[in-house]
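Written out below as structure tokens is the structure these notes cover.
Below, read A as the first sequence line, B as the second, and so on, with proteins coming before strands; counting in each chain starts at 1.
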Number of protein chains: 2
Amino acid sequence: MYQRKIPKEFYCTVDYALDIFGGKWKPRLLCIIANDEPIRYQKLKEQMENISDTALADSLKELQNAGIVKRHQFNEMPLRVEYSLTAKGETLIPVLNKISAWAIQNSSSSIYQGKHFKQIHQKAFQTKKNGD
Amino acid sequence: MYQRKIPKEFYCTVDYALDIFGGKWKPRLLCIIANDEPIRYQKLKEQMENISDTALADSLKELQNAGIVKRHQFNEMPLRVEYSLTAKGETLIPVLNKISAWAIQNSSSSIYQGKHFKQIHQKAFQTKKNGD
DNA sequence: CGGCATCCAAAGCGATACTG
DNA sequence: CAGTATCGCTTTGGATGCCG
């Protein structure tokens, strides 16, 4: 886990919120967890497709520290760990859907051509999670 | 303006939206413009309080390229330039308000102690802009 | 006044190797 | 299996100086 030398500062509420669920990985991560919870580390990594362990572990830890995601460890052999949303995490879904809806309305359709884009988008933030 | 070596990719609609209005400066910038438009470059810089010209000019240019902010130049002496939201930019305000509302509900009250935080938050995303 | 060009420090992030 | 430690490259962004 990287340690900042200069502490972060927030100047508006949006800054604060985006520190929790914004950035390079966390929107997609939340999208996948919301649709597939509880989900194991390896499956999460596969669905992220191009994330490193470093980035995945760090992102998950940040989401846990923010109380958005919970981690459940089964002390089996081999080890099994499952991630899912907390109640607070669930409250984020309508917010993400609002952002998603804006993006769909206000973008050129060309951005939807990437296959991963479509898949994840449809699964997660278009429809609310449908109970798996 | 920095040129990326590795092109950006988006995997979900939220990624796409946050590329437009997320990041370190743009939420606050939009907040200030929404409340004070049209607003001049220098005043914008003062209200941002700790932004460099490099970061401010780059952020403004990105917002212009995304069609969120418009620039109006008066060829007076000395030069005057004013920034304001486009119609598309206005559609972002409810989205930002939604994010802001979530942050207020789901955060410890301690984060509101910074004076800048309160000021900007109240002016911009709580109430819709009130016509100045 | 409203920027842009250059340079450099800080932060983000992947690859690899390793651990419980 | 589910991560962590270290390293180095990529990217961000502030300081300074310059220009129309």
| request: Let me know the distance between CD1 of Ile39(A) and P of dG3(D), rounded to the nearest Å. | output: 13 Å
| If you check the Arg80(A) side chain, which of dA2(D), dC4(C), dG20(D) turns out closest? | dA2(D)
| request: Starting from C1' on dC1(C), measure out to CD on Glu46(B) and report it in whole angstrom. | output: 12 Å
| message | Looking only at the side chain of Tyr83(B) (C-beta and beyond, no hydrogens), which of the listed nucleotides dT11(D), dG3(C), dA2(D) gets closest? | response | dG3(C)
| field | Whole-Å gap separating P (dC1(D)) and CG (Leu79(A)) | value | 10 Å
| Which of parallel (below 30°), tilted (30 to 60°) and perpendicular (above 60°) describes Tyr83(B) and Tyr41(B)? | tilted
| task | Can you tell me the distance, in whole Å, between the CD atom of Gln64(B) and the P atom of dG2(C)? | result | 13 Å
| Is there side-chain contact between Lys8(A) and Asp19(A), with at least one heavy-atom pair below 4.5 Å? | yes
| remark: Side-chain contact check for Pro78(A): nearest option of dC1(D), dT10(D), dG2(C) is dC1(D)
| CG/Leu63(B) to CD1/Ile20(B) distance, rounded to the nearest 0.5 angstrom? | 9.0 Å
| query | Which parts of nucleotides 12-18 of chain D does protein reach within less than 4.0 Å, heavy atoms only, written one letter per nucleotide 5' to 3' as B for base, S for sugar-phosphate only and - for none? | reply | BSBB---
| query | Under the side chain to side chain contact (heavy atoms under 4.5 Å, CB included) criterion, do His72(B) and Val81(B) qualify, and how do the steps go? | reply | CA-CA 6 Å; His72(B) 191 254; Val81(B) 177; over 6 Å; no
| remark: Sequence neighbours excluded, the answer for side chain to side chain contact (heavy atoms under 4.5 Å, CB included) partners of Glu76(A) is Phe74(A), Arg80(A)
| request: Report yes if some heavy atom in the side chain of Glu62(A) is under 4.5 Å from a heavy atom in the side chain of Lys26(A); otherwise report no. | output: yes
| remark: Separation of dC1(C) atom P from Glu76(B) atom CD, nearest Å, is 13 Å
| field | Atom pair distance, as rounded to whole Å: NZ in Lys45(B) and P in dC1(C) | value | 11 Å
| dC1(D), dG3(D), dT10(D): which one has an atom nearest the side-chain heavy atoms of Arg40(A)? | dC1(D)
| Spacing of Leu44(B) atom CG relative to dG2(C) atom P, expressed in whole Å | 10 Å
| task | Please determine, for the side chain of Arg71(A), which listed nucleotide (dG3(D), dT10(D), dG2(C)) has the closest atom? | result | dG3(D)
| note | Those residues at least two apart in sequence (or on a different chain) that pass side chain to side chain contact (heavy atoms under 4.5 Å, CB included) with Lys24(A) are none
| query | Does the side chain of Lys61(B) get closer than 4.0 angstrom to OP1 or OP2 of dC4(C) through an N or O atom? | reply | yes
| task | Could you state the atom-to-atom distance from CG of Leu60(B) to P of dG3(C) in whole Å? | result | 7 Å
